[in-house]
Amino acid sequence: MPEGPELHLASLFVNRMCEGVVFSGAVEKSEVSKNPEVPFCCDAYCIKAQSRGKEVRLTLSPIKSENYNKRKVSKDQSQQPMNVVFRFGMSGFFRFTAVDDLPKHAHLRFYTNETPRKVLSFVDPRRFGSWQPHGIWQPDRGPCIMFEYESFRENVLSNLSDKAFDRPICETLLNQKYFNGIGNYLRAEILYRLRIPPFVKARTVLEGLEPEDEEKKIVKQEITVSETADTSKKKGIEAETPDLLSLCHTVPLEVVKLGGKGYDPEKADYSTFQAWLQCYCVNGMNSLWDHNRRTMWFKGDPGPMAPKGSKSPKAKWKIQKDDHDYTDAKKTKRKCIDKAAGEKPVKQTASKRVKKETKTSKPQSGSKTLKSSNKRVKAEPADEIKKPKTVPLRTRTNKIKGQNGEEKIKEKKSVTCRKERTKAKPQRRSGGAKRGRTR
DNA sequence: CGTCCACGTCTAC
DNA sequence: TAGACCTGGACGG
């Protein structure tokens, strides 16, 4: 769930689920996690959450009450609240379940004092996420794009001489020192709204923007289009087009407004988010790897700083957007991709990506299948449903798969590129081997 | 069964 | 500017 909106939704989730709930005992960490233990233990405490950009902070507060902690009242050094700051990596999220339903990959757990007990878990399958006990907002991260808009804007515009702005705008947008909360799907959606070519120098795009941004009332932008149009007519004021920094604020807030649904293909209503996406993973859009080999989705011209010979990664699961068939759009599907890919991909992107050492590590926490293994209902009529649950959008009728198959066109070409993944073989065995590095 | 890809940092050459 | 760090889903053979 990891971009600003998802982190914020996670904080809302925690506050909603934990309101009035009393937690008790020690905080428990999974065996496999390399993150630090959280040295907090209390007979009765509550949990509150707050988000800032791509971080979430939980505050564990001992409950003062004669009912709780009575025996140690004398202990003047009564426990103080503790902050734990989380980063979600690529796959982190919070869950609140019965103890018996502890999710797989629940790496940090807070237990309630109920009976039966329940547990708030930080779940993180890939373990790229992290937490810091006694944590503070990471100092190098800038103001939150959603909830510290004015200082965010100020921070960017007063530092345009920083070499961070020498890079293509799409890469600078991932720099958390200036865009705390923007991630890969947001950069695509934001640039797409303004049709800004992603590989144009960031400074070029940003210089000239007004520091204040006073005239455009952010609130106004949340009104429906028609309404806005109306208003501007009445007042005779031309509704100003939001600039890039304004969209860095409002676009993420749109996702927050979608509610429980952010980027999370596992959720049942993932389709709501999918329907919201206009560019990221949308069929018909172009994509290229940026200089960090992150996929940049865009439409039209990539811009002058596009990595030469960059390939367009093969996207499976592209979203089909036929619904509103405004004019063109549609029919272009896939052709764009071919084009990008076709531009003589100069395999140069060297290779790398070896790995795959099948480690022997066992599924740490319990076996997923245990208890209610039947979770997956599989109600659908087997035979030919194709699994891609992620493609619920209508129109999957004909094309879909077939279109993917289209790769056959230049397949040989792509094949050659792929091929060169030679090199290194897994060294190091799994498990305990590495493990050094603290913090 | 093997390959590729994924919402993000981190840190060694 | 490359990997490293991880698991798992979608696909291809």
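All chains are named by letter (A, B, ...) in the order of the sequence lines, taking the proteins before the strands, and each is independently numbered beginning at 1.
One interatomic measurement links the two molecules: CZ of A:Phe86 to C1' of B:dT9, which rounds to 17 Å at whole-angstrom precision. If you measure from atom CG of A:Leu7 to atom P of B:dG8, you get 9 Å, rounded to the nearest angstrom. At whole-Å resolution of the value, CZ in A:Arg126 and C1' in C:dA4 are 12 Å apart. Per the geometry, CZ belonging to A:Phe179 stands 19 Å off P belonging to B:dC7, to the nearest Å. Taking atom CG on A:Asp124 and atom C1' on B:dC7, their separation rounds to 12 Å, with Å as the unit. One atom, CD of A:Glu171, and another, P of C:dA2, lie 11 Å apart when rounded to the nearest Å. A:Phe93 has its CZ atom 11 Å from the P atom of C:dG8, to the nearest Å. Between the C1' atom of B:dG8 and the NZ atom of A:Lys54 lies a distance of 6 Å, rounded to the nearest Å.
A:Gln176 has a side-chain polar atom (N or O) that falls below the 4.0 Å cut-off from OP1 or OP2 of B:dT9. Using a 4.0 Å cut-off, some side-chain N or O of A:Gln138 falls inside it from OP1 or OP2 of B:dC10. Proximity of A:Thr295 to the phosphate of B:dA6: a side-chain N or O atom is located under 4.0 Å from OP1 or OP2.
Of the candidates C:dT7, B:dC10, B:dC7, B:dC7 carries the atom nearest the A:Arg294 side chain, counting heavy atoms from C-beta on. If you check B:dC10, B:dG8, B:dA6 against the side chain of A:Tyr280, the one that comes closest is B:dA6. Of all nucleotides listed (B:dC7, C:dG8, C:dT1), C:dG8 comes nearest to the side chain of A:His105.
With hydrogens and angles left out, the side chain of A:Arg293 and the base of C:dA2 share no donor-acceptor pair within 3.5 Å.
Cation-pi geometry between A:Arg167 and A:Phe165 is not satisfied (NZ or CZ under 6.0 Å from the ring centre, within 45° of the ring normal).
Secondary-structure annotation of DNA chain B gives the stems B:1-6 with C:7-12, B:8-12 with C:1-5, with a stem taken as at least 3 successive Watson-Crick or G-U pairs whose two distances both fall under 3.5 Å.
Taking a cutoff of 4.0 Å between a charged side-chain nitrogen and a carboxylate oxygen, A:Glu148 and A:Arg52 qualify as a salt bridge. For A:Arg87 and A:Asp124, the salt-bridge test fails: no basic side-chain N is under 4.0 Å from an acidic carboxylate O. Of the charged side-chain nitrogens involved, at least one lies within less than 4.0 Å of a carboxylate oxygen, so that A:Arg187 and A:Asp290 count as a salt-bridged pair.
By the criterion of a centre-to-centre distance under 5.5 Å and near-parallel planes under 30°, the ring of A:Phe128 forms a stack with the base of B:dG8.
Taking the six-membered ring where the residue is Trp, the centroids of A:Phe152 and A:Phe179 are separated by under 6.0 Å.
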Steps toward ring-ring contact (aromatic ring centres under 6.0 Å, His included) verdict (A:His107, A:Phe122): CA-CA 6 Å; A:His107 297 303; A:Phe122 176 64; 7.7 Å; no
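Using P as the reference atom, B:dC13 and C:dC5 are 12 Å apart when rounded to the nearest Å. Taking atom P in both B:dC5 and C:dG13, the straight-line distance is 15 Å, to the nearest Å.
Take A:Glu37 and apply the salt bridge (Lys or Arg N to Asp or Glu O under 4.0 Å) test, not counting sequence neighbours, and it matches no residue. With sequence neighbours excluded, the residues satisfying salt bridge (Lys or Arg N to Asp or Glu O under 4.0 Å) with A:Arg193 are A:Glu254.
Using a 4.0 Å heavy-atom distance criterion, A:Arg141 is classed as a sugar-phosphate-only contact.
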